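Only one structure is covered here, and it is reproduced in the block below.
A note on names: the letters A, B, ... follow the listed sequences, proteins ahead of strands, and every chain is numbered from 1. Quantities reported herein were computed from a predicted structural model and do not represent experimental measurements.
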Amino acid sequence: MRRDPLRTLIRRIDERDDAEHPLVLLHPGALGTDVYHRIGEHLPESRSLRVVDMEAIDAYYGAAFGEWHEDVSVEGLAASVLDAVRDTLELRAGQWTLAGWSFGGVIAHSLAHALDASEVPDRLVLLDSIAPVPGYLHDPEEDLAPELVLAWFGFYLGAKRGVSVPEADYSDVELSEGLRRLLDLAVEAGALPPGTSYPGLRKVFDVYNAGLLRNNRITRGHRPTPGSVPLTLVRPRAGLLDTPRPLGWERLYEHVPVVRCPGNHYSMLHEREPASLLAAVLADPCARSSEDSA
Amino acid sequence: MSETGQNALTAERVREWLVEKVAYRLDVSTDRIDVNQYFDEFDLDSTEALVLSGELENWLGFELETTALWYHPTIAELSEYIVEVRDGNAA
């Protein structure tokens, strides 16, 4: 597909120019930035939402397709994003909120370290983001476990079309067999057009998987430092990992308040109920935490 | 195994295959498909474009770079490029 010539790194989700407390949310791709409109609709007038479309960074986008640049790193991406944010907003300490979904949370954590003291946000809100710490890092040279990646891929296909693909048990199946099983479920749910073939779905999967492996590769060798900005972690019912621990962030932050929401890793961004909750969390992160994992 | 004979592969044949597939996806007649229109100007979402790409590879019997549709963003350009790839002349 031709790259959108109008694609910009910072995307405004609303028209609130004079909002007193902007929100900046880092989006690593997979879904388009349109998914954030529902969250934007639920935000109070005092908040404005700007989404950073990281795939507008050519080196990051191309890295998923074999056009690897050695300078694509967590710190490098954070620096690129920060330059663009500073060009767009006047960052005043405590008067804005930084957020990141999925891999965007890893970059947001790094970006928070690169800020001047006069620019530090009031809070960092991470949406189903896995910390880049030992035990949570995946070797980018190895394929992800089929049962894990097929479940995520099913959620992704559903979110692309705004439908729900039934969850299935993919344990103990080869990738190709699991994909064929998912193909039937996705077509039946309306996530794929009738008549979609296995080779067609396989291509969609390969590109999806390449994005995951790119992000794993970027975090390889990255050594995150502990964070000092107050953190809130939002986890959907069906998130990336099924673990009671707060996705490794407890290694980097003293306290990790966790907010639970409905939906899965993708639908949490745009389905009515979770999007409404997310808007409330982004507007006032402290009021909503239901767990506190030290 | 390719569904097309490699020796019989011409840019015209690839164009015809793509026009038929795009017309089917859009539920329009083949004469409504402009081979010089950008893929992203057709009413295909990114998933459908990738499905089309995967089915094209299956028909051709060889893989294309994922960026092929990015650098060759029309049916006409992609068809010419595919024949160059088959002939080993692609840049």
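- What you find for B:S53 and A:K203 is that their closest heavy atoms are OG-CE, 3.6 Å.
- If you take OH on A:Y208 and CG on B:L50, they are separated by 13.5 Å, rounding to the nearest 0.5 Å.
- Inspection of non-hydrogen atoms places A:K160, A:R161 of residues 159-188 of chain A under 4.5 Å from chain B.
- Heavy atoms of A:V207 lying under 4.5 Å from chain B belong exclusively to its side chain.
- Shown here for B:R25 and A:P193, the closest heavy-atom pair between the two residues is NH1-CB, 3.9 Å.
- The heavy-atom pair separating B:T47 from A:V204 by the smallest distance is O-CG2, 3.8 Å.
- Atom CG of A:D206 is separated from atom CD of B:E63 by 7.0 Å, given to the nearest 0.5 angstrom.
- In the displayed structure, A:R272 atom CZ is contacted under 6.0 Å by at most 12 heavy atoms of other residues, nucleotides or ligands.
- For A:Y198, the OH atom counts as densely surrounded, since its 6.0 Å shell holds more than 12 non-hydrogen atoms of other residues, nucleotides or ligands.
- Residue B:D31 qualifies as enclosed at atom CG: its count of foreign heavy atoms under 6.0 Å is above 12.
- Around CD of A:E273, the count of heavy atoms belonging to other residues, nucleotides or ligands within 6.0 Å does not exceed 12.
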